[in-house]
Amino acid sequence: QVQLVESGGGLVQAGGSLRLSCAASRSIFSISAMGWYRQAPGKQRELVAAISRGGATNFADSVKGRFTISRDNAKNMVYLQMNSLKPEDTAVYYCNAGVRPYPSGPGAYWGQGTQVTVSS
């Protein structure tokens with residue numbers, strides 16, 4: 001069992017940056033993979049980025065080169081650094097614990113979500 005709380009969302013102009021944080025209620029050292037998903041109105045929830053216990057990362061094609069995911073096990077934190085934001089990035093972003101690589105899918109634990117709005 002782990003509770004996740006996201007923060008850092010907000011309104012930003014296109015080309016700007018935001019850093020999302022995910023705070024876990026307990027140690028995430030034993031969690032193999034953490035990730036960030038997002039869901040825009042009328043669209044399916046999609047995986048944005050994931051990071052394994054060992055630091056291997058995976059990104060959606062739409063954000064490669066712009067977003068960076070990291071984790072700090074000592075602080076029970078996961079971060080998503082978002083640069084060069086585009087209006088298409090507008091969505092609610094969710095932290096997830098237990099992302100599975102094969103087949104791709106989320107773990108059982110979700111945060112409440114944080115709204116990211118990118119204006120043009």
Side-chain angles (χ1 to χ4, degrees):
Q1 293 291 123
V2 59
Q3 283 72 53
L4 307 172
V5 179
E6 304 95 334
S7 62
L11 175 64
V12 65
Q13 291 185 314
S17 298
L18 284 174
R19 190 192 195 197
L20 304 184
S21 298
C22 173
S25 62
R26 66 168 177 83
S27 174
I28 61 171
F29 179 77
S30 63
I31 300 175
S32 60
M34 301 289 295
W36 288 92
Y37 286 75
R38 69 184 181 188
Q39 187 166 26
K43 295 185 177 181
Q44 292 184 309
R45 189 171 298 188
E46 64 175 348
L47 178 66
V48 177
I51 184 166
S52 72
R53 182 190 301 170
T57 58
N58 185 48
F59 299 91
D61 289 340
S62 60
V63 306
K64 285 182 178 177
R66 299 189 296 120
F67 290 12
T68 301
I69 187 171
S70 61
R71 64 192 292 174
D72 188 335
N73 292 333
K75 296 180 179 179
N76 300 332
M77 298 287 290
V78 182
Y79 306 97
L80 184 68
Q81 179 66 47
M82 306 185 294
N83 299 323
S84 302
L85 283 163
K86 304 175 181 180
E88 304 92 274
D89 296 318
T90 295
V92 178
Y93 285 71
Y94 299 90
C95 185
N96 179 263
V99 177
R100 306 187 306 274
Y102 307 110
S104 181
Y109 307 103
W110 293 94
Q112 298 168 275
T114 185
Q115 177 71 49
V116 172
T117 302
V118 184
S119 64
S120 58

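The shown structure was predicted, so the numbers you read here are calculated from the model rather than taken from an experiment. Throughout, numbering of the chain's residues begins at 1 and tracks the sequence.
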Practice problem: Check whether any side-chain N or O of Asn96 sits under 3.5 Å from a backbone N or O of Gly35 as a donor-acceptor pair, and report yes or no. | Solution: no

Quiz item: Are the side chain of Arg53 and the backbone N or O of Ser30 linked by a donor-acceptor pair below 3.5 Å?
Solution: yes

Quiz item: If you group Ile, Leu, Val, Met, Phe, Trp and Tyr by side-chain heavy-atom gaps below 4.5 Å, do Val48 and Tyr94 land in one group?
Solution: no

Exercise. Drop me the distance from Asp89's CG to Ser62's OG, to the nearest 0.5 angstrom.
Key: 7.0 Å

Quiz item: Mind checking what makes side-chain contact (heavy atoms from CB on, under 4.5 Å) contact with Thr68, not counting sequence neighbours?
Solution: Gln81

Exercise. Any chance you could measure Ser32, atom OG, to Ile51, atom CD1, to the nearest 0.5 Å?
Key: 12.0 Å

Quiz item: Atom CE of Met34 and atom CG of Leu80: how far apart are they, to the nearest 0.5 Å?
Solution: 12.0 Å

Quiz item: Is a side-chain N or O of Thr90 found less than 3.5 angstrom from the main chain of Val118, in a donor-acceptor match?
Solution: yes

Self-check item: Which atom of Cys95 lies closest to which atom of Leu4, heavy atoms considered
Solution: O-CD1, 3.7 Å

Exercise. Indicate the ring-plane relationship of Tyr93 and Phe67, choosing parallel, tilted or perpendicular according to the 30° and 60° boundaries.
Key: tilted

Practice problem: Locate the shortest heavy-atom distance separating Ala91 from Gln115; write the atom from each residue and the value. | Solution: O-NE2, 3.4 Å

Quiz item: Looking at Ser120 and Ala14, what are the two nearest heavy atoms and their distance?
Solution: CA-CB, 4.4 Å

Quiz prompt | Greater than 12 external heavy atoms within 6.0 Å of Gln112's CD | solution = no

Quiz item: Do you reckon Leu85 sits in the same ILVMFWY cluster as Phe59, going by side-chain contacts under 4.5 Å, direct or chained?
Solution: yes

Quiz item: Do Tyr109 and Gln3 touch side chain to side chain, with heavy atoms closer than 4.5 Å?
Solution: no

Exercise. Answer with yes or no whether the hydrophobic clustering places Val78 together with Tyr37; edges join I, L, V, M, F, W, Y residues whose side-chain heavy atoms lie under 4.5 Å apart.
Key: no

Self-check item: Within one Ile-Leu-Val-Met-Phe-Trp-Tyr cluster: Trp36 and Val2, side-chain cutoff 4.5 Å
Solution: yes

Self-check item: Sole candidate of Lys86, Met82, Arg38 that passes side chain to side chain contact (heavy atoms under 4.5 Å, CB included) when paired with Val63
Solution: Arg38

Quiz item: Is Leu20 linked to Val99 within one hydrophobic cluster, defined over Ile, Leu, Val, Met, Phe, Trp and Tyr using a side-chain heavy-atom separation of less than 4.5 Å?
Solution: no

Quiz item: Salt-bridged, Asp61 to Lys64, with N to O below 4.0 Å?
Solution: yes

Self-check item: Which atom of Ser84 lies closest to which atom of Arg66, heavy atoms considered
Solution: O-NH1, 3.0 Å

Quiz item: At their closest point, which heavy atom of Met77 faces which heavy atom of Ile28, and how far apart are they?
Solution: O-CD1, 3.8 Å

Quiz item: Considering all heavy atoms of both residues, which atom of Leu47 and which atom of Ser104 are nearest to each other, and what is their separation?
Solution: CD2-OG, 4.2 Å

Quiz prompt | Pair listing, side-chain hydrogen bond (donor to acceptor under 3.5 Å, both in side chains) test, anchored in residues 6-20, at least two apart | solution = Ser17-Asn83

